[in-house]
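Before any comments, here is the structure.
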Amino acid sequence: MSVQSLKSKLEDKAPLCAVVYLLIWEGLTALMWFLTARLTVNYLMFILSFTLVYPVITCWTCFRYTRLCGLKLYVPAAMIAAGVAEFVLIEDARAVVPNFIVLTVLCVLFGTGIGNVVTSQHSESNKKNAKNNRQKTKR
């Protein structure tokens, strides 16, 4: 199975795509929790991973999903709920990153918003191109 065929299947099924993106995001987050808080207890690495890497992964996930499937509000809601659950259930989340919920909410909303803007700009340019092509064919 090629990447293009997988991408076309995911574009057609927005809920399946949402589950895939949420699982990838949650898997990377859980891997970061495990590597920085359990495997090696290095607070500098923990702080850097959750103040630099985590926001980038969260924004990228929301941006890519919104760009691929459009604005669906259940993805940001699920990501925010997962962030709150991590904060409540994982003791290390409260110890070093006190604003983990705020960080998650801001990154999710920022990534979704930027993805929505890019998607709308792309669709507007496609409409303009289609209109110009129709006018050229009429001449």
Side-chain angles (χ1 to χ4, degrees):
M1 179 185 295
S2 69
V3 174
Q4 290 293 357
S5 65
L6 180 63
K7 184 178 176 183
S8 65
K9 286 181 184 178
L10 289 178
E11 285 175 348
D12 296 337
K13 299 176 182 173
L16 175 64
C17 184
V19 169
V20 169
Y21 273 94
L22 287 172
L23 286 176
I24 290 171
W25 172 75
E26 191 58 43
L28 290 173
T29 305
L31 182 67
M32 284 191 331
W33 284 118
F34 177 72
L35 290 176
T36 59
R38 295 292 174 207
L39 193 61
T40 61
V41 182
N42 183 353
Y43 288 113
L44 180 62
M45 188 170 73
F46 186 81
I47 291 169
L48 288 176
S49 67
F50 281 97
T51 57
L52 294 176
V53 178
Y54 178 75
V56 170
I57 290 171
T58 305
C59 286
W60 178 85
T61 303
C62 290
F63 173 79
R64 282 299 298 162
Y65 179 78
T66 305
R67 179 99 194 270
L68 186 65
C69 297
L71 182 62
K72 309 283 190 233
L73 294 180
Y74 50 82
V75 173
M79 290 179 83
I80 291 169
V84 170
E86 287 175 353
F87 185 77
V88 169
L89 297 175
I90 299 174
E91 182 179 330
D92 299 320
R94 292 177 294 229
V96 178
V97 187
N99 295 325
F100 184 72
I101 296 173
V102 174
L103 179 70
T104 303
V105 169
L106 289 176
C107 290
V108 165
L109 295 178
F110 182 74
T112 303
I114 295 296
N116 192 32
V117 167
V118 170
T119 302
S120 66
Q121 290 294 328
H122 184 64
S123 65
E124 286 178 16
S125 67
N126 284 346
K127 288 178 186 177
K128 287 180 184 178
N129 288 339
K131 183 179 177 183
N132 290 339
N133 288 339
R134 277 187 265 133
Q135 288 176 353
K136 287 179 183 178
T137 56
K138 287 181 181 179
R139 291 181 193 169

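For the side-chain contact (heavy atoms from CB on, under 4.5 Å) criterion with Leu28, the lone passing option out of Thr58, Ile57, Leu23 is Ile57.
No single ILVMFWY cluster, assembled from side-chain heavy atoms under 4.5 Å apart, contains both Leu106 and Ile114. Under the 4.5 Å side-chain heavy-atom criterion for ILVMFWY residues, a single connected hydrophobic cluster contains both Val84 and Phe100. Under the 4.5 Å side-chain contact rule for hydrophobic residues, Val56 and Ile47 do not share a cluster. Under the 4.5 Å side-chain contact rule for hydrophobic residues, Phe110 and Val102 do not share a cluster. Linking Ile, Leu, Val, Met, Phe, Trp and Tyr whenever their side-chain heavy atoms come within less than 4.5 Å puts Val88 and Phe50 in one cluster.
Taking the side-chain contact (heavy atoms from CB on, under 4.5 Å) definition, one finds that Ala18 meets it with Tyr65, Tyr74, Val75, sequence neighbours left out. Looking at residues two or more places apart in sequence or on another chain, you find a side-chain contact (heavy atoms from CB on, under 4.5 Å) between Leu109 and Val105. Legend: residues meeting side-chain contact (heavy atoms from CB on, under 4.5 Å) with Leu48, ordered by chain and number and at least two apart, are Leu44, Leu52. Legend: residues meeting side chain to side chain donor-acceptor pair (under 3.5 Å) with Thr104, ordered by chain and number and at least two apart, are Tyr54. Not counting sequence neighbours, the partners of Ala82 by the side-chain contact (heavy atoms from CB on, under 4.5 Å) test are Trp25, Glu26.
Minimum heavy-atom separation, Cys69 to Cys17: SG-SG, 3.6 Å. Shown here for Cys62 and Met79, the closest heavy-atom pair between the two residues is SG-SD, 3.3 Å. In this structure, Thr66 and Asn116 approach most closely via the heavy-atom pair CG2-N, 3.4 Å. Across Phe46 and Thr36, no two heavy atoms sit closer than the pair CD1-OG1, 3.0 Å.
Grouped with Leu39 in one hydrophobic cluster are Leu31, Phe34, Leu35, the linkage being side-chain heavy-atom contacts under 4.5 Å among Ile, Leu, Val, Met, Phe, Trp and Tyr residues.
Distance check: Thr119 OG1 to Phe63 CZ gives 7.0 Å after rounding to the nearest 0.5 Å.
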